[in-house]
Amino acid sequence: MYENKEHKKMFKVGKHWAVATIATVAFLGAATVIDQQAVHADTVDTSLVGQTENSQDIDPDTLTDAQKAAIQARDDAQATADEAQASADTAQSAVSAAQTTVNSASAVQQSAQTAYDQAATATSGVTQAQKNADVASAQSAVNAASQALDTAQSQQDQKAADITAAQGDVDSAQAAVDAAQTTDAAQKEADVANAQSAVDTAQENIANAQSTLDNATTTLAQTPATTTTTQTVTDDTVSSIGDGQTLAYAITEGKTTNDGTFGHFKEGQAQGNPTINDNVLPTQISEFSDTDVTGDKNDFDSVLKLQYDESDLDEIWSGDMVGNQLTDSQQKEMNTYLIMVLNHYRESLGLQPITSTNSVYNATQKRGQTLLNEKVTSHDDTITYPIFESAGLSDPAECLSGVYGETGDTMFEMLENGVSALDDLLNGDADSNWGHRQILLSESWNVIDGAFSVVNTAGGWALVFEGVQEIDNSGSALVSTELTGTSTHEETTTVANPAYTKAQQAVSAAKTAVTAAQTQLSTAQTALKNAQNESTDTATLKANLATAKQALATAQSEADGDVTGAQAALSTAQTALTAAQNEVVDTNSQADTAKQALDAANAQLATAQQALATAQSQATTAQTTLTTATASLAMAQQAVDDALATTSGSTETGNQTTNSGTTTETTGQTTSTTGNGGSTTAIGTTNNGGTTTETGTTTPTDGQTTTSSTTTSSVAGHSGDATTGSAESQGATQNQSTVTAGQATKLATATTAATPTTAITTSRTSQQKQAASQLPQTDGQRETDVAVMGILLGMLGLGGLVMNRKRQF
């Protein structure tokens, strides 16, 4: 019981001190409020939360469980609010620290940016161009110094060479003088004469050797290096043929017939099968006189329609195939065959055979080559005559005829086609008025030398015959026009020409002789020169010696090249060049370093800004938590007030006065009638900003006690009107309190402590409870009113404290 009384006493004493403190704060804050006129709550202030206690003089033992629970809930909410406030303070400190870091990093970044800008300016186009110009100028200076050094070295080397040469001249002149002074003059003259004679002889020998060499060279050029010999070789019987061997094989193997082509036709015609056996070659053409050939013309035209029977063609003929043109061997083979058949025809008519020399044969082949691109062959003396004239021949007679045949035929078939063409020229030439026949039979032109050529022209195969009236007597061999019973061929052997070898030897010997003669002359000229020098007058030799010495002195006095100085100048220029080059490199390096420092500063600033953003986010979260905790505290405090307000009576030891009454609530006004005949009136109003004002007045029947109180409360985030109260009684006891809770939530609760014989019961409507949780904006007029009431309340509170202290003592 004693402990409970001590607790009660301490509770009351603390309550009075708290009231006094609140009153003082209200008094001091009033001046500020008056000066500021209007304040809008933007933050949460919990600096006074937890300092407000229930100021009613209630014995804790009289509290109900619900009241105790409400008080405990309020204390817990107060602890949570304090913890939230500490977290918010910590978060705000972290924000400040992060901001400091950002400021520091920003300063570093700005410094790095300035350094980089300066380095970039140093490497700008104008600055860099000047540095490059300095390097170029230094390089030019190095080049000039290097050239100067080369010049000085050259001067020095030239001087040394000049001295050496001059010294040699002096030595030679001195030796000549010495020799002249010690040699007999007569002997010198004899030596000169002998040396001159030797020179003359050597020059004559060179001339003779050179002439011999020239002749030998000419002979060598005119002598062929090789000689060719040709001989006819009889072939053995062969089982295959090659290029140009068809005719020889046919004769050797009996693949020929003496029947003329016209006879074949007559025989075949009688048998109803006018064909020619394609495995034999006709060796003659059916002979007709001029009169007979004219009468049998129609029959002969039929000869041209003969069909070759190729059903039993021997395989061996394929060994000698025809390409796009006849080979040289095949051309000779064709010429031999056709000349032979033509001569048989001529002989049957009593005519002399014609010859075929190499000159006519070669000229005919050339004429054939001129027809290769012709589609229609024709006679052209402007082509033929020059060819034969170049061979020493003149006035050739020409026959041209088409030849049946194709590339890929055998030479056997081509020979048959050739003899058929010849048959046409001799026995079927009526359309040409027998002009070709007359040439071939020497009737219009005394042909005694002729040749054939078969060529593949643009218009097809063609036969060419060229004949002349004279025989080539230049010694050219005749082309064979006779066939033998054996196969022969010509073999050509090429051997080294002995005359050429002898000419080569002669040239070599002549060259050797010329070389020896030149050596002899050189030796003789040297000896002559020496002899002439020795016979020169001694005085002249002495004069030469003096001149040589003077030249030596002049060479020695020549200016030396300043090699040392030039080397020093070059070294200086090279040092300047290196410095200029290093300056360009250093500038670039500084720019790179500044860029790296700027990048690092930017990264550091970005990191600091990110940390600041994180700290601000955490501070926002802590502030939100604090706001929530403060609102919870306000609600808990409201719950305490509501719980205490439900007390229907109180008992105070020392004043045994009991008051009881009834509270009637009508539109915010409450009237209580006490047992003493007094009445209590409570009037509550709620403004649009969420402020609740309660005014209660108690008037006892004896008129001794008058109590009035005004309570104003506001909730989180906004400032509310102050709570004012006044009480006047016999005991001169006046209690007044004001509680304010920050920008977030401001809770004002005023409890008037009546005299021991007075109990006040205050009831709030549900509308006032709802208004207590709103967040109003204060206006200037209301805050001014509150300030004035705060001053009055402060004065009353201080007076009540003094009176209370007196009562205690």
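Atom CG in Leu463 sits 11.0 Å away from atom CG in Leu371 (nearest 0.5 Å). Of the inter-residue distances, the one linking Gln469 atom CD with Asn446 atom CG reads 5.5 Å to the nearest 0.5 angstrom. Here CG of Asn530 is found 12.0 Å from CD of Gln525. Values are rounded to the nearest 0.5 Å.
Across every non-hydrogen atom of Tyr345 and Glu287, the tightest pair is CE1-CA, 3.5 Å. Nearest heavy-atom pair, Leu400 versus Leu425, reported as atom, atom and distance to 0.1 Å: O-CD2, 4.2 Å.
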### Task
List the steps and the verdict of side-chain hydrogen bond (donor to acceptor under 3.5 Å, both in side chains) for Glu413 and Asn417.
CA-CA 6 Å; Glu413 294 171 304; Asn417 293 336; over 6 Å; no
### Message
As a quick check of understanding, evaluate side-chain hydrogen bond (donor to acceptor under 3.5 Å, both in side chains) for Arg367 and Thr370, giving each step before the final call.
### Response
CA-CA 5 Å; Arg367 170 54 177 156; Thr370 65; 3.0 Å; yes
### Message
Let's go through Asn362 and Asn358 carefully: what are the C-alpha distance in whole Å and the side-chain angles of both, what is the deciding distance for side-chain hydrogen bond (donor to acceptor under 3.5 Å, both in side chains) to 0.1 Å, and is it a yes or a no?
### Response
CA-CA 6 Å; Asn362 291 333; Asn358 279 329; 5.3 Å; no
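The closest donor-acceptor contact from the side chain of Asn335 to the backbone of Phe452 lies under 3.5 Å. Thr515 places a side-chain N or O within 3.5 Å of a backbone atom of Lys511 that can act as its donor or acceptor partner. The backbone N or O of Asn456 lies less than 3.5 Å from a partner atom in the side chain of Gln325, making a donor-acceptor pair. Side-chain atoms of Ser522 never come within 3.5 Å of backbone atoms of Thr519 as a donor-acceptor pair (strictly under, hydrogens ignored). Judged by distance alone, with hydrogens and angles left aside, the side-chain atoms of Ser442 form a donor-acceptor pair with the main-chain N or O of Val447 at under 3.5 Å. Arg346 places a side-chain N or O within donor-acceptor distance of the main-chain N or O of Gln352, the cut-off being under 3.5 Å. Remark: the backbone N or O of Gly450 is paired with a side-chain donor or acceptor of Ser356 at under 3.5 angstrom. In this structure a side-chain-to-backbone donor-acceptor pair under 3.5 Å is missing from Asn433 to Gly435. A distance-only check finds a donor-acceptor pair linking the side chain of Thr355 to the backbone of Ile448 [under 3.5 Å]. In this structure, Asn343 contributes its side chain and Ile354 its backbone to a donor-acceptor pair below 3.5 Å.
Leu426 places a side-chain heavy atom less than 4.5 Å from the side chain of Ile285. With a 4.5 Å cut-off on side-chain heavy atoms, Tyr385 and Pro396 count as touching. Looking only at side-chain heavy atoms (C-beta outward), Gln331 and Thr327 stay at 4.5 Å or farther from each other. You'll find the side chain of Thr457 stays beyond 4.5 Å of the side chain of Lys375, heavy atoms only.
The residue from Ile251, Val341, Leu247 that alone fulfils the side-chain contact (heavy atoms from CB on, under 4.5 Å) condition with Leu281 is Leu247.
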